[in-house]
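Reviewing the structure listed below.
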There are 2 protein chains.
Amino acid sequence: MTVSEPADPGLVALAQDFREALRHSIYLVRRLDADGELSAAQLSTLKMLMEGGPTSREPSGVRVGDIARNLGVKVPSATEQIIKLERAGLARREPDPHDARAVRVALTEAGLAAVDAANERRNAVMAGILSSLSDGDRAALAAALPVIGKINATLQA
Amino acid sequence: MTVSEPADPGLVALAQDFREALRHSIYLVRRLDADGELSAAQLSTLKMLMEGGPTSREPSGVRVGDIARNLGVKVPSATEQIIKLERAGLARREPDPHDARAVRVALTEAGLAAVDAANERRNAVMAGILSSLSDGDRAALAAALPVIGKINATLQA
DNA sequence: CCTAACAGTTAGGCTACCTAACTATGACCG
DNA sequence: CGGTCATAGTTAGGTAGCCTAACTGTTAGG
């Protein structure tokens, strides 16, 4: 990519609008997270444990480094969240049988229940918000979500 | 609104997907904010000053309470940002001529320049990300932005 | 073995929020 | 007027979530 693409004005306009939408969405996100119980960071962590957990063929649990990578944070930040979850009884840490340096983190029963409950409550709040939209608006939103997903996936890499 | 709308499953699914998209977008937002210079909170504050500032018929500047309301934070949080901006020479505080309790906050020249520069840099980063999408994807995204805007506007009220 | 790479934790620091308590001014009303 | 209540903002103190740097212990390779 050479430096000076003259920067397609339409592209920049879209970029600007998208940025603006994301910026204002902080509001929405805060509303969702206000449900109490579980913070956004902790819910994300628990979700990661759920996905990577019993399903995967690994002995059990997810490694701290993988959690950090998946959440887009540094390892110490992941450790911090894990410790909090452990203290809350939602996750547990065990040594990795194959590598004594590593740690396997897994959901507890309570953790699983907490994810479900939190998801349900947040979905309900969001559904309430979306219910005031027209069908057309909802369709437009639905059509854009895969695109946003694509963008986010690109970024992870 | 009675309690038990049976909760249209399609609506809940959309809610779930949208939540997921927003959650993953933290990544994107962090990428954008990593440009240094100005934090997201400070850029938002400066933007608010720009919009509500010289344009409005008010003597000059925006009141702290209005800034807080607009940014969706409490007054002390706004004060904090304003003080930082002031120390950085990007904003200035002056007494309100009509109400000695109130404070008027306005952009300085340097503040104006900083907003422009930060916007430009962030737009460029975002445009770069969006440039890898297909035309169809970009169209879908563009179509959804007004909807997201509508949601956010509803929430403000 | 011994050194280098790796996994995670600990320590310390920062930003952006929050609530509660305080100061000062304005507005209402008898 | 003068008292009381409301309003605008600041100050004080606390929390969550992130970071980097430094440390501990483990594995892997020459």
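Since the model is a prediction, treat every value here as computed from it, not as a measurement. Naming convention: chains lettered A, B, ... in sequence-line order (proteins, then strands); numbering from 1 in each chain.
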Quiz item: With a 4.0 Å cut-off, would you call A/Asp33 and A/Arg122 a salt bridge?
Solution: yes
Self-check item: Residue from A/Asn123, A/Val29, A/Val125, A/Leu28 passing side chain to side chain contact (heavy atoms under 4.5 Å, CB included) with B/Arg19
Solution: A/Asn123
Practice problem: Measure the distance from CG on B/Leu71 to C1' on C/dT15 and round it to the nearest whole Å. | Solution: 15 Å
Practice problem: Would you kindly give the CG-to-C1' distance between B/Asp96 and C/dG26, to the nearest whole Å? | Solution: 12 Å
Practice problem: Answer with base, sugar-phosphate or nothing: what part of the nucleic acid does A/Ser39 contact at a heavy-atom distance below 4.0 Å? | Solution: sugar-phosphate
Quiz item: Rounded to whole angstroms, how far apart are CD on B/Glu37 and P on C/dT15?
Solution: 15 Å
Quiz item: B/Arg63 CZ to C/dG26 C1': how many Å, rounded?
Solution: 11 Å
Quiz item: Can you list the residues that meet the side-chain contact (heavy atoms from CB on, under 4.5 Å) rule with A/Arg30, with sequence neighbours excluded?
Solution: A/Ile26, B/Val73
Quiz item: Are any of B/Ser77's side-chain N or O atoms less than 4.0 Å away from OP1 or OP2 of C/dA16?
Solution: no
Quiz prompt | Flag, side chain of A/Arg93 to backbone of A/Glu86, donor-acceptor distance under 3.5 Å | solution = no
Quiz item: If you check the A/Lys84 side chain, which of C/dA16, D/dC18, D/dG17 turns out closest?
Solution: D/dG17
Self-check item: Those residues that, when tested against A/Ala13, pass side-chain contact (heavy atoms from CB on, under 4.5 Å) (two or more places apart)
Solution: none
Exercise. Compute the bend angle of the helix from C/dC1-D/dG30 to C/dG30-D/dC1 from the end axes (five pairs per end), rounded to 10°.
Key: 0°
Exercise. Only counting residues at least two apart or in another chain, list the ones meeting side-chain contact (heavy atoms from CB on, under 4.5 Å) with A/Ala21.
Key: B/Leu145, B/Ile148
Exercise. Would you give a per-nucleotide map of nucleotides 24-30 of chain D, 5' to 3', where B means the base has a protein non-hydrogen atom under 4.0 Å away, S means only the sugar-phosphate does, and - means neither?
Key: -BBS---
Practice problem: Starting from C1' on D/dA8, measure out to CD1 on B/Ile67 and report it in whole angstrom. | Solution: 13 Å
Quiz item: Under 4.0 Å between a side-chain N/O of A/Gln81 and OP1 or OP2 of D/dA16, yes or no?
Solution: no
Quiz item: Can you check whether A/Lys74 has a side-chain N or O nearer than 4.0 Å to OP1 or OP2 of D/dA21?
Solution: no
Name every donor-acceptor pair, under 3.5 Å, that has one atom in a side chain of residues 62-71 of chain B and the other anywhere in the protein, sequence neighbours excluded.
residue: B/Asp66; atom: OD1; partner: B/Arg69; partner atom: NH1; Å: 3.0

Quiz prompt | Gap between atoms CZ and P, on A/Arg87 and D/dT15 respectively (whole Å) | solution = 13 Å
Exercise. Identify, with sequence neighbours excluded, every residue that meets side-chain contact (heavy atoms from CB on, under 4.5 Å) alongside B/Ala106.
Key: B/Arg92
Exercise. Take B/Arg30 and B/Ala102, find for each the nucleotide of DNA chain D with the closest heavy atom, and name the residue whose nucleotide sits nearer the 5' end.
Key: B/Ala102
Under 3.5 Å, sequence neighbours excluded: what are the donor-acceptor pairs made by side chains of residues 43-50 of chain A?
residue: A/Ser44; atom: OG; partner: A/Ala40; partner atom: O; Å: 3.1
residue: A/Ser44; atom: OG; partner: B/Arg23; partner atom: NH1; Å: 3.0
residue: A/Thr45; atom: OG1; partner: A/Ala41; partner atom: O; Å: 2.7
residue: A/Lys47; atom: NZ; partner: A/Asn119; partner atom: OD1; Å: 3.4
residue: A/Lys47; atom: NZ; partner: B/Glu20; partner atom: OE1; Å: 3.4

Quiz item: Taking only residues at least two apart or on different chains, which pairs with a member in residues 123-133 of chain A satisfy salt bridge (Lys or Arg N to Asp or Glu O under 4.0 Å)?
Solution: none
Quiz prompt | Set of side chain to side chain donor-acceptor pair (under 3.5 Å) partners for B/Lys150, sequence neighbours left out | solution = A/Asp137
Just the table, please: protein N/O against nucleotides 9-11 of chain C N/O, every pair under 3.5 Å.
residue: C/dT9; atom: OP1; partner: A/Arg93; partner atom: NH1; Å: 2.3
residue: C/dT9; atom: OP2; partner: A/Thr79; partner atom: OG1; Å: 2.6

Quiz item: Please give, in whole Å, the distance from D/dG17 P to B/Asp33 CG?
Solution: 18 Å
Self-check item: side chain to side chain donor-acceptor pair (under 3.5 Å) partners for A/Glu80, two or more places apart
Solution: none
